[in-house]
Amino acid sequence: MIKITFPDQSVKEFEGGVTPYAVAESISPRLAQDVLVAKVNDEMWDLSRPIESDAKIELFKWDSDEGKHAFWHTSAHLLAEALQELYPGIQFGFGPAVENGFFYDVMPANGVAISENDFPKIEAKMMELARQDEKLIRREVSKADALSEFKAAGQTYKCEHIDQDLEDGTISTYTQGKFTDLCRGPHIPSTGIIKAVKITNVAGAFWRGDAKREQMTRIYGITFPKKKLLDEYLVMIEEAKKRDHRKIGKEMELFMFSDRVGKGLPIWLPKGTDMRLRLQDLLRRLMKPYNYQEVITPGIGSKQLYVTSGHWAHYGKDAFQPIQTPEEGEEYMLKPMNCPHHCEIYASKPRSYRELPLRICEFGTVFRYEKSGELHGLTRVRTFTQDDAHIFVRRDQVKKEFENVIDIIQAVFRIFKFENYEAQISLRDPADKEKYIGSDEIWEESQNAIREACREKGMQTREEIGEAAFYGPKLDFMVKDAIGRRWQLGTIQVDYNLPQRFKLEYTTDDNSKETPVMIHRAPFGSMERFVAVLLEHTAGKLPLWLTPDQVAILPISEKFNDYAESVRKELDKSGIRAFIDDRNEKIGRKIRDNELKKVPYMLIVGDKEQQNGEVSIRKQGAGDEGSKKIAIFAADLVQEVENQINNSTAN
RNA sequence: GCCGUUUUAGCUCAGUGGUAGAGCACAUCCUUGGUAAGGAUGAGGUCUCGGGUUCAAAUCCCGAAAACGGCUCCA
């Protein structure tokens with residue numbers, strides 16, 4: 001008998017060689033039916049794989065990441081099996097599960113192309129195979145056997161993978177039906193559990209992610225254990241498309257791109273600019289209690305500045321190349337970062353410890369070369385404006401100042417109702433020290449300062465090794481939007497290196513010289529990216545305080561245009577942004593159109609309202625709210641705006 | 001940058017070798033209306049650009065550009 005320990009620490013005895021499936025059965029038939037995969041002693045484990053000695057066990061169903069992962073991993077094999085039947089001689093690369101489904105990288109024989117038109121055929125074949133409900137059978141094989149087996153099958157990529165990456169004694173294969181794949185596992189017990197499949201996308205992908213190697217065809221798909229779940233997923237995808245900031249930005253006339261101006265260069269239209277300036281004002285307001293000093297620095301800088309900062313060595317060849325003055329041949333770079341300029345501001349006069357922390361902020365527009373295929377709406381562009389700041393502190397002030405910045409970022413998230421966010425601490429990879437500059441001691445100190453600040457703030461954090469910037473560790477904030485997608489927004493980075501490179505110093509209380517530490521921070525990240533995320537999060541229904549058009553005034557007929565204008569003027573005195581819809585249309589039409597434009601308030605004005613100096617109020621999404629005096633409506637609205645911004649600035 | 005797909009009116013899209021279409025938006029006129037689409041008329045296009053094939057190209061072929069989906073990258 002062996003002892004099996006469950007996650008709740010309870011222990012049960014079983015015969016040696018018991019399978020996780022049998023363990024699940026012993027708990028309940030329902031669990032046995034739903035369980036997909038197990039974890040035995042922290043190793044992922046097939047349900048049919050025997051357990052020979054005492055072990056910890058965890059069982060996973062569809063509702064867990066582990067369960068989904070195994071389900072999609074098996075689905076990748078099912079896709080491969082289908083492709084093998086449909087495209088004889090096809091070769092396989094890698095076929096893993098990913099966040100939403102799975103993919104398989106393949107190379108069809110004789111240069112055959114697989115396109116969207118082939119998806120229905122592939123889906124049908126996968127379902128046909130799934131209905132045969134084949135078991136997935138695990139086999140452990142020697143390296144030599146694996147090589148000869150996959151060589152015989154003509155799978156050159158698999159052979160390369162076995163040959164170069166795998167060690168004898170660790171190799172296993174999985175077989176379902178007529179398809180055998182090299183695979184570590186684990187898998188769900190059989191393909192019959194897969195009830196719905198959607199091939200979502202096809203794209204090129206380099207073998208082993210190496211741009212110098214062959215380009216394979218990557219086929220993406222997603223599967224579900226119930227048809228209904230697929231339908232829900234497809235609805236969610238549709239919703240995401242409707243929320244696409246590129247579509248909404250165009251509809252709302254916030255920003256545009258022009259081929260003639262150049263790709264990746266966003267143009268902020270009047271309404272977008274209006275909104276962006278309001279966002280900047282919000283930040284200024286949030287920064288006010290912390291004594292930031294706003295500056296404006298040039299859009300270019302001498303190349304030598306970036307040689308000093310280290311950016312030239314690290315990014316020079318991947319940046320827009322330096323521009324030269326025609327007569328003198330001086331070299332300038334389009335500004336890719338604001339920090340060197342801010343270091344020069346610090347260095348412009350002798351500094352005392354009494355001045356620290358010194359907080360320099362700038363809405364600084366930077367230019368970065370991005371490869372053309374990487375550009376995407378407002379989220380990936382070649383010029384953008386950072387809500388940047390550089391804070392110069394003493395080493396013993398790092399933690400406290402870090403906390404101050406966290407407060408600002410959290411206030412931003414509260415105001416925009418990003419309730420789900422994750423904080424990621426990006427650390428240096430100790431195995432790859434050449435990638436980074438600075439001493440071990442300094443890295444340790446700064447990484448710990450971040451950890452402690454997060455702990456003080458009671459934040460849940462995740463640590464990622466090797467994700468740090470080359471000059472220091474950072475804390476990144478990822479928010480989840482209204483339909484659950486993750487976006488990276490705010491960032492805080494500690495930098496002990498740049499101040500040294502710029503030979504920055506301050507005079508201490510005992511009249512010696514010390515080098516300050518620099519904290520880079522951007523609560524929004526960039527104005528462009530933030531606006532994109534905000535549009536997708538709100539589906540374009542911007543909060544009242546931010547939206548370019550707060551109020552639409554709708555005259556019943558043109559006889560009331562003059563009254564409408566007097567209402568507009570009155571609201572304008574309170575800083576309310578209102579416009580008159582004086583088109584020659586009936587009131588129903590005006591209501592419908594402005595409702596679809598997501599204008600937060602509509603004011604209907606006709607004879608009754610004019611007689612009483614009132615407006616009839618209609619709230620977006622809510623309908624008729626009755627009439628009020630103009631001044632009362634204006635005061636209510638001003639109050640609503642104040643509440644939206646203020647309830648989050650209190651602490 | 002690489003692979004694939006796409007590019008037709010301001011927007012969303014149909015058309016597919018033989019005189020360029022729809023809906024919405026826009027303009028003019030009628031209508032002057034009370035809480036989610038009033039009616040009529042009209043204007044609007046080098047069918048992304050450059051070559052080629054053809055009696056004839058928006059349509060077929062080649063090249064370029066841009067957008068989109070991935071890959072790779074992201075200070």
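Lettering follows sequence order; numbering is per chain, from 1.
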- [ ] Mind running side-chain hydrogen bond (donor to acceptor under 3.5 Å, both in side chains) on Lys335(A) and Thr297(A) for me, showing each step along the way?
- [x] CA-CA 10 Å; Lys335(A) 180 169 73 172; Thr297(A) 66; 2.8 Å; yes
- [ ] Quote, to the nearest angstrom, the P distance that separates rG51(B) from rA14(B).
- [x] 28 Å
- [ ] Rounded to whole angstrom, note down the C1' distance from rU32(B) over to rG38(B).
- [x] 11 Å
Task: Nearest-Å distance once atom C1' is located in both rA66(B) and rC60(B) - done: 23 Å
Open item on the list: If I pick the C1' atom on rC2(B) and the same atom on rA37(B), what distance separates them, to the nearest angstrom?
Closed with: 48 Å
- [ ] Please state whether the rings of Tyr306(A) and His341(A) are parallel, tilted or perpendicular, taking 30° and 60° as the class boundaries.
- [x] tilted
TODO: For nucleotides rG52(B) and rU16(B), find the distance between their P atoms and express it as a whole number of Å.
DONE: 27 Å
Task: Euclidean distance, atom CG of residue Asp105(A) to atom C1' of rC3(B) [Å, nearest integer] - done: 12 Å
- [ ] Between protein and nucleotides 65-75 of chain B, map the contacts as a letter string: B base, S sugar-phosphate only, - none, heavy atoms under 4.0 Å, written 5' to 3'.
- [x] -SSSBBBBBBB
- [ ] Quick one: pull up CD1 in Ile587(A) and OG in Ser557(A) and give me the separation to the nearest 0.5 Å.
- [x] 9.5 Å
Open item on the list: Phe94(A) and ring pair (Phe, Tyr, Trp, His ring centres under 6.0 Å): which single residue from Phe102(A), Trp207(A), Phe206(A), Tyr104(A) fits?
Closed with: Trp207(A)
- [ ] Report yes or no: is the cationic atom of Lys303(A) (NZ for Lys, CZ for Arg) under 6.0 Å from the centre of the six-membered ring of Trp312(A), at an angle within 45° of the ring normal?
- [x] yes
Task: Salt bridge Arg428(A)-Asp440(A), side-chain N to carboxylate O under 4.0 Å - done: yes
- [ ] Establish, from distance only, whether the side-chain atoms of Gln91(A) and Thr156(A) form a donor-acceptor pair under 3.5 Å.
- [x] yes
Task: Distance between C1' atoms of rU12(B) and rG70(B) (Å, rounded) - done: 25 Å
Open item on the list: Using a 4.0 Å heavy-atom cut-off to protein, can you give one letter per nucleotide of nucleotides 33-47 of chain B, 5' to 3': B if the base is in contact, S if only the sugar-phosphate is, - if neither?
Closed with: BBBBBB---------
- [ ] Could you give the distance separating rC3(B) and rU72(B) at their P atoms, to the nearest angstrom?
- [x] 16 Å
Open item on the list: Whole angstroms only, please: what is the NZ-C1' distance between Lys590(A) and rU31(B)?
Closed with: 13 Å
Task: Glu99(A), CD: over 12 other non-hydrogen atoms inside 6.0 angstrom - done: no
Task: Under-4.0 Å salt bridge between Asp274(A) and Lys271(A) - done: no
Task: Base-paired stems that RNA chain B participates in, counting runs of 3 or more Watson-Crick or G-U pairs under 3.5 Å - done: B:1-7 with B:65-71, B:10-13 with B:21-24, B:26-30 with B:38-42, B:48-52 with B:60-64
TODO: Could you tell me how the ring of Phe633(A) sits relative to the ring of Tyr601(A): parallel (under 30°), tilted (30 to 60°) or perpendicular (over 60°)?
DONE: perpendicular
Task: Rounded distance in Å between the P positions of rA43(B) and rG23(B) - done: 15 Å
- [ ] Decide yes or no for Lys608(A) and Glu614(A): does some side-chain heavy atom of the first lie under 4.5 Å from some side-chain heavy atom of the second?
- [x] no
